[in-house]
J.: 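Below you will find the structure I want to go over with you.
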Amino acid sequence: MNIVLSCYANKELASFVLEKGGRVVEKGVFSVSSENKVYLKEYIFEAIIKGLKYARNHVGHNDLLLIGVQNVHMVDWLNGQKEYKGYESYLDDISDIIETLDCRYIFSNSSTKKAKKLLEEGLKEVKLEGAVALFEGM
């Protein structure tokens, strides 16, 4: 079976959507600590790592996991087509998690629309839950 993990991030939040058989089985929006993180790529790596951890419970030996990533260059790094210096720790973490998955996988630059939409909805919810929103209308 084909399983799609869509990952997306911006400088505030990251999100993932895991689909199996065309149905969403896991999804999440979470804030990414900006401590020591400067580049958007670091936030995207965090989204991938979190999504892969959730994928563990849904993949089987005969499955193909398509991991959608928003950055073309990162796809090349993750698929081993290009070597990049500076993000080895993230790539190692992702490799360690993938080693625990009993499935085939490939990273792609497609399939990020659902995670982006989820993140945008999460941004709206976060903004509504702020302290200013509590006092509106008073």
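A quick note: this is a predicted structure, and the numbers were derived from the prediction, not measured. Heavy-atom basis, side chains included; hydrogens, waters and symmetry copies ignored.
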J.: What residue pairs, at least two apart or across chains, pass ring-ring contact (aromatic ring centres under 6.0 Å, His included) with a residue in residues 61-83?
T.: Trp77-Tyr84, Trp77-Tyr87
J.: How long is the straight-line distance from SG of Cys7 back to CD of Glu46, given to the nearest 0.5 Å?
T.: 11.5 Å
J.: Can a donor-acceptor pair be found, under 3.5 Å and without considering hydrogens, that links the side chain of Ser15 to the backbone of Ala115?
T.: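 Judged by distance alone, yes, a pair lies under 3.5 Å.
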J.: To the nearest 0.5 Å, how far apart are CE in Met74 and CD1 in Ile94?
T.: 6.5 Å
J.: My understanding is that only residues two or more places apart in sequence, or in another chain, count here; which of them pass salt bridge (charged side-chain N to carboxylate O under 4.0 Å, His left out) with Lys116?
T.: none
J.: To the nearest 0.5 Å, tell me how far Leu101 CG sits from Leu65 CG.
T.: 6.5 Å
J.: Treat each ILVMFWY residue as a node, draw an edge where side-chain heavy atoms are under 4.5 Å apart, and state whether Leu40 and Tyr90 are in one component.
T.: yes
J.: Considering residues, nucleotides and ligands other than Lys114, do more than 12 of their heavy atoms fall under 6.0 Å from its NZ?
T.: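 Atom NZ in Lys114 is not packed in, count stays at 12 or less.
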J.: At their closest point, which heavy atom of Leu119 faces which heavy atom of Tyr8, and how far apart are they?
T.: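 Reported closest heavy-atom pair: CD1-O, 3.9 Å.
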J.: Would Leu18 and Ile106 show up in the same hydrophobic cluster when neighbours are defined by side-chain heavy atoms closer than 4.5 Å?
T.: no
J.: I need the minimum non-hydrogen distance between Lys20 and Ile3, along with the two atoms involved.
T.: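 Smallest heavy-atom distance, with atoms named: CG-CG1, 3.9 Å.
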J.: Measuring from atom CG of Leu66 to atom CG of Leu64, what distance do you get when rounded to the nearest 0.5 angstrom?
T.: 6.5 Å
J.: Nearest 0.5 Å, please: how far is CD1 in Ile67 from OG in Ser108?
T.: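 One gets 10.0 Å once the value is rounded to the nearest 0.5 Å.
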J.: Mind checking the CG-CG spacing from Asp96 to Leu91? Nearest 0.5 Å is all I need.
T.: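 Reported to 0.5 Å precision, the distance equals 11.0 Å.
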J.: Donor-acceptor pair, distance only, cut-off 3.5 Å: does the side chain of Asn79 make one with the backbone of Phe107?
T.: yes
J.: Any chain of hydrophobic side-chain contacts (each under 4.5 Å) joining Val75 to Ile48?
T.: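 In one cluster with Val75: Ile48, yes.
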J.: Would a hydrophobic clustering, with Ile, Leu, Val, Met, Phe, Trp and Tyr connected at side-chain separations under 4.5 Å, put Val4 with Phe16?
T.: no
J.: Does anything in residues 51-60 pair up under side-chain hydrogen bond (donor to acceptor under 3.5 Å, both in side chains), and if so which pairs, sequence neighbours excluded?
T.: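 Only Glu26-His58, Arg56-Thr100 qualify under side-chain hydrogen bond (donor to acceptor under 3.5 Å, both in side chains).
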J.: May I ask whether Val24 and Leu13 are part of the same hydrophobic cluster, defined by side-chain heavy atoms of I, L, V, M, F, W, Y residues being less than 4.5 angstrom apart, directly or through others?
T.: yes
J.: Considering non-hydrogen atoms only, spot the tightest contact between Ile97 and Leu52 and give its length.
T.: CG2-CB, 3.6 Å
